[in-house]
Amino acid sequence: MNSKPIGVFDSGIGGLTVVRALMRRLPKENIVYFGDTARVPYGPKSPQVVREYAAQDVDFLLSKDVKMVVIACNTVSSVALDVVQKDAKLPVVGVILPGATAAVKASKKKRIGVIGTRATVNSNAYTNAIRQVDEEVEVFARECPLFVPLAEEGWVDHKVTVMVAKEYLFPLKLEKIDTLILGCTHYPILHRAIQDAVDGGVALIDSGEATAIAVEKLLEQHNLRNPSERIPNVQFYVSDVPAKFTEIGERFLGQRMGRVQKAEGFG
Ligand code: DGL
């Protein structure tokens, strides 16, 4: 059981930032990643559609005999955590509660900003999770849809990205937040532009990193850590043809990627 892989899924490529955090924190674990590149983005879609897609995504991971499921996608974690939990019948970790908990810990002024896709922000999932941890915290949320294509384009320090970041984040700056949750898989790629737009003193919380810590705790609790000293096997599957994913993916993963396979059963 313990040598079975951790299953990770996302709407597309962004979840590789979560895989990067998992590989750093849990270097012995085997991983199977699924990115729904044929149907990305999920962020502008309705909760009903995202829930339908999430059920299919998790079924694919279950067919790979995973020992637990990590929902790397903030949008899916916001609107379909229950769907995945019901289907999987295995330990499931989403990115919302770990990100919210880390933010509450970091915030001294109890003024937290959240940025994410439209679906994530509209769901209020982060606000609810933050209030669950500390009901006195004030939360200021803002959707930042243009960050997704900018990160995929690799425009990390481009003047357009700097301008867009200032435009999106100015209202949060006015609210004098001291902590900002990067509530979307793509945003860690634009870390610098985001930090500059909100001031150096604001703590940026990468939900992917917080999630890797939560995964480690869960593996401990369930006695599921892989004890093997062998080099782990990390497999990547996508629902569209793999070419673009492989090209952009290494920037998100922070290292070279092995073979990317087309997932069977997706068109
Ligand atoms: N992976 C999505 C998220 O974290 C961003 C991309 C999309 O809209 O599908 O919310």
Side-chain angles (χ1 to χ4, degrees), residues 7-22 33-58 60-61 69-81 83-84 92-100 102-103 113-127 129 141-155 161 164 168 180-191 194 204-212 214 236-240 244-245 248-249 251-253 266:
V8 184
F9 78 96
D10 178 53
S11 55
I13 210 160
L16 292 176
T17 58
V18 180
V19 174
R20 179 178 63 187
L22 285 169
Y33 179 86
F34 172 70
D36 192 6
T37 50
R39 302 187 293 197
V40 71
Y42 285 10
K45 297 196 167 81
S46 68
Q48 291 86 321
V49 166
V50 174
R51 288 167 71 80
E52 209 177 285
Y53 289 175
Q56 292 160 4
D57 301 345
V58 76
F60 176 78
L61 285 182
V69 174
V70 178
I71 311 173
C73 182
N74 289 257
T75 303
V76 174
S77 302
S78 296
V79 303
L81 177 65
V83 172
V84 178
V92 173
V93 177
V95 288
I96 307 296
L97 194 56
V114 178
I115 50 176
T117 65
R118 193 152 296 161
T120 298
V121 169
N122 284 346
S123 75
N124 284 324
Y126 271 111
T127 308
R142 189 144 165 83
E143 58 193 59
C144 302
L146 291 174
F147 282 164
V148 169
L150 289 169
E152 293 199 4
E153 206 55 35
W155 286 14
T161 308
V164 170
Y168 276 152
L180 177 64
I181 299 178
L182 306 180
C184 173
T185 48
H186 288 60
Y187 299 176
I189 303 288
L190 306 178
H191 189 279
I194 293 171
L204 299 193
I205 303 298
D206 180 338
S207 285
E209 275 170 18
T211 300
F236 301 97
Y237 290 90
V238 286
S239 50
D240 198 350
K244 186 168 169 237
F245 181 87
I248 308 175
R251 191 179 326 125
F252 282 72
L253 190 64
F266 286 88

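As the structure lists them, so they are numbered: ligands from 1, and atoms in each ligand from 1. What you see is a predicted model; the values in this text were computed from it and never measured.
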Just say parallel, tilted or perpendicular for the rings of Phe245 and Phe236, cut-offs at 30° and 60°. tilted
State whether the side chain of Thr211 and the backbone N or O of Ser207 hold a donor-acceptor pair below 3.5 Å, judged by distance alone. yes
Checking the side chain of Asp10 only, and the main-chain atoms of Gly15 only, is there a donor and an acceptor separated by less than 3.5 Å? yes
Residue by residue, ordered by chain and number, which ones reach under 4.0 Å of ligand 1 with a heavy atom? Asp10, Ser11, Val40, Pro41, Tyr42, Gly43, Cys73, Asn74, Thr75, Thr117, Cys184, Thr185, His186
Side-chain donor-acceptor contact under 3.5 Å, Ser123 with Thr120: no
Which residues share a side chain to side chain contact (heavy atoms under 4.5 Å, CB included) with Val50, sequence neighbours left out: Tyr42, Lys45, Thr75, Val76, Val79
Tyr168 side chain vs Leu146 backbone, donor-acceptor pair below 3.5 Å: yes
